[in-house]
Amino acid sequence: MEDCIFCKIIKGEIPSNKVYEDEEILAFHDINPATPIHILVVPKKHIESLVHLEKEDEVLVGKIYGVINKIAEEQGFKDEGFRVIVNCGENGGQEVMHLHFHILAGKRLGEKIV
Ligand code: AMP
Ligand code: ZN
């Protein structure tokens, strides 16, 4: 947790370009955007990945999707559409071991895997 880059962003020890914040959730622009709009939504609680979610976190995950919806509306890409991705574990390509939801928007995404 001490070495977790997203925990450091949450604590304000590393700067970020914030989009949304409440008591439980923070959203900020990805430092290396894959699309014209690339926002990360993270729980402030350090949860390593999707498989580390516990029963008590289910409400939090619901709130995260609510925040994603709010961001889509506020940032003006709700109607044109967007993609939400959660990379999990080694095969999922997860690099930062703090649960995060990628919001990709601002262009037509071609490489559909599913
Ligand atoms: P993942 O590969 O799903 O673990 O995604 C990690 C994401 O975090 C990548 O898209 C990185 O560009 C992004 N990232 C890493 N460090 C920072 C940072 N300091 N500020 C914003 N985004 C970051
Ligand atoms: Zn963390």
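Just follow the structure's listing: the first ligand is 1, and inside any ligand the first atom is 1. The shown structure was predicted, so the numbers you read here are calculated from the model rather than taken from an experiment.
- For the pair Glu23 and Lys44, the minimum side-chain heavy-atom distance is 4.5 Å or more.
- Taking CD1 of Ile64 as the reference point, atom OH of Tyr20 lies at 10.5 Å (rounded to 0.5 Å).
- Here the protein contributes Cys4 SG, Cys7 SG, His46 ND1, His98 ND1 as N, O or S atoms under 2.8 Å from the Zn ion (ligand 2).
- Taking Glu80 as the reference, nothing meets the salt bridge (charged side-chain N to carboxylate O under 4.0 Å, His left out) condition, with sequence neighbours excluded.
- When hydrophobic clusters are built by joining Ile, Leu, Val, Met, Phe, Trp and Tyr residues whose side-chain heavy atoms come closer than 4.5 Å, directly or via intermediates, Ile25 is not grouped with Leu40.
- When the side chains of ILVMFWY residues are joined at heavy-atom separations under 4.5 Å, either directly or via intervening members, Ile10 and Ile103 end up in two distinct hydrophobic clusters.
- In this structure, Lys45 pairs ionically with Glu56, as a charged nitrogen and a carboxylate oxygen lie closer than 4.0 Å.
- Side chain of Asp57 to main chain of Leu60: no donor-acceptor pair is present (N/O by atom type, distance under 3.5 Å, no hydrogens or angles).
- Following chains of ILVMFWY side-chain contacts shorter than 4.5 Å, one cannot reach Val86 starting from Leu26, and the two form parts of different hydrophobic clusters.
- Closer than 4.0 angstrom to ligand 1 sit non-hydrogen atoms from Ile5, Phe6, Ile9, Phe28, His29, Asp30, Ile31, Asn32, Leu40, Asn87, Gly93, Gln94, Glu95, Val96, His100, His102.
- Sorted by first and then second residue, the ring pair (Phe, Tyr, Trp, His ring centres under 6.0 Å) pairs involving residues 45-90 (not counting sequence neighbours) are His46-His98, Tyr65-Phe101, Phe77-Phe82.
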